[in-house]
Colleague: 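Can you read through this structure? Questions will come right after.
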Amino acid sequence: MNPSSSSKLPLLLKPFLLSLLLSVVFLAFLATQSPLLRLKTALHTTQYPPSNAGIGSSSLRIRRGYTSYNAYIERQLNKTLNPKLRKIWTTRDWHRKIKVFAHFFQSLKQRNLVFNESKALSIGARVGQEVAAMKMVGVSDAVGIDLVPYPPLVMKGDFHAQPFENHTFDFEFSNVFDHALYPWKFVGEIERTLKPGGVCVLQVAVTRRADKYSANDLYSVQPLLELFKESELLEVRKVDAFGLDTEVVFRKKLVENY
Ligand SMILES: *[C@@H]1O[C@H](CO)[C@@H](O)[C@H](O)[C@H]1NC(C)=O
Ligand SMILES: *[C@@H]1O[C@H](CO)[C@@H](O)[C@H](O)[C@H]1NC(C)=O
Ligand SMILES: *[C@@H]1O[C@H](CO)[C@@H](O)[C@H](O)[C@H]1NC(C)=O
């Protein structure tokens, strides 16, 4: 507003505008003090990634539409508990998938990434096809986690907060990175539970879009390199693995920087 127009305002309007301005400032101050807002800020900072978490880059996008962590879990459970899918996973798919996975884990053994003696974890294991495949090729100390357990192969566990002590596994595998609502926690938990020198193999989709239950979209492997802070990259290769197109292999460093 330029001075000439303000001087034309009726005399009474000036104190009114001034008090309006003061009220707005006061209300804004009150809002910062409200417990609800403080709670929101706290949630935001705990759920939101550290600035160097690879999320700043446009190559990793968190899907919107999850109003809360519970809503996200409920939606994930909807897929995991779907009786038709579970039936297919445990019948028609079972032998076919285990055969493919057994071949895959055998090749990882030949590349010295996993051994018969490795303590191994499959993350987001559903009904445990990957776990069965690991055992089939001789990795006998293998287990899976998922929101819904499928004993004895799969125990209950959220990959955002793995139910294991630090330094538990020699080897971790996952093909559900796209289901992580907080990818930095997904990776942080892998690095926490891997032993120093332990290996993580991820199969991800970077050129194809994953399914409607995905919580993030990855457009290159770069964000993974940023998220795996405590590891070195061993390999990136193109694969054709049930809709996933890229395999990324990390080895946790021997010395941690915490
Ligand atoms: C879960 O699935 C049921 C029916 O299949 C649907 O009615 C419900 O809205 C779904 N819930 C979520 C959170 O997707
Ligand atoms: C690993 O286990 C498989 C299956 O039990 C066995 O055939 C193989 O000889 C073992 N390999 C080594 C190096 O012990
Ligand atoms: C486990 O590792 C995390 C870092 O990933 C660390 O903050 C925590 O203190 C460790 N816990 C124990 C019991 O060593």
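Whatever order the structure lists ligands and atoms in, that order sets their numbers, starting from 1.
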Colleague: Look at the aromatic rings of F101 and F104 and report parallel, tilted or perpendicular, splitting at 30° and 60°.
Modeller: perpendicular
Colleague: Run through ligand 2 for me and note each protein residue having a heavy atom under 4.0 Å from it, chain first, then residue number.
Modeller: K109, N116, G138
Colleague: Can an N or O of R192 be found at a distance shorter than 3.5 Å from an N or O of ligand 3?
Modeller: no
Colleague: Is the shortest side-chain N to carboxylate O distance from E230 to K253 below 4.0 Å?
Modeller: no
Colleague: For K119, is there an ion pair with D141 - N to carboxylate O distance below 4.0 angstrom?
Modeller: yes
Colleague: Would you call E191 and K185 a salt bridge, using N to O less than 4.0 angstrom?
Modeller: no
Colleague: Report the relative orientation of the aromatic rings in F228 and F250; use parallel for angles under 30°, tilted for 30 to 60°, perpendicular for over 60°.
Modeller: parallel
Colleague: Are any of the side-chain nitrogens in R61 or D217 under 4.0 Å away from the carboxylate oxygens of its partner?
Modeller: no
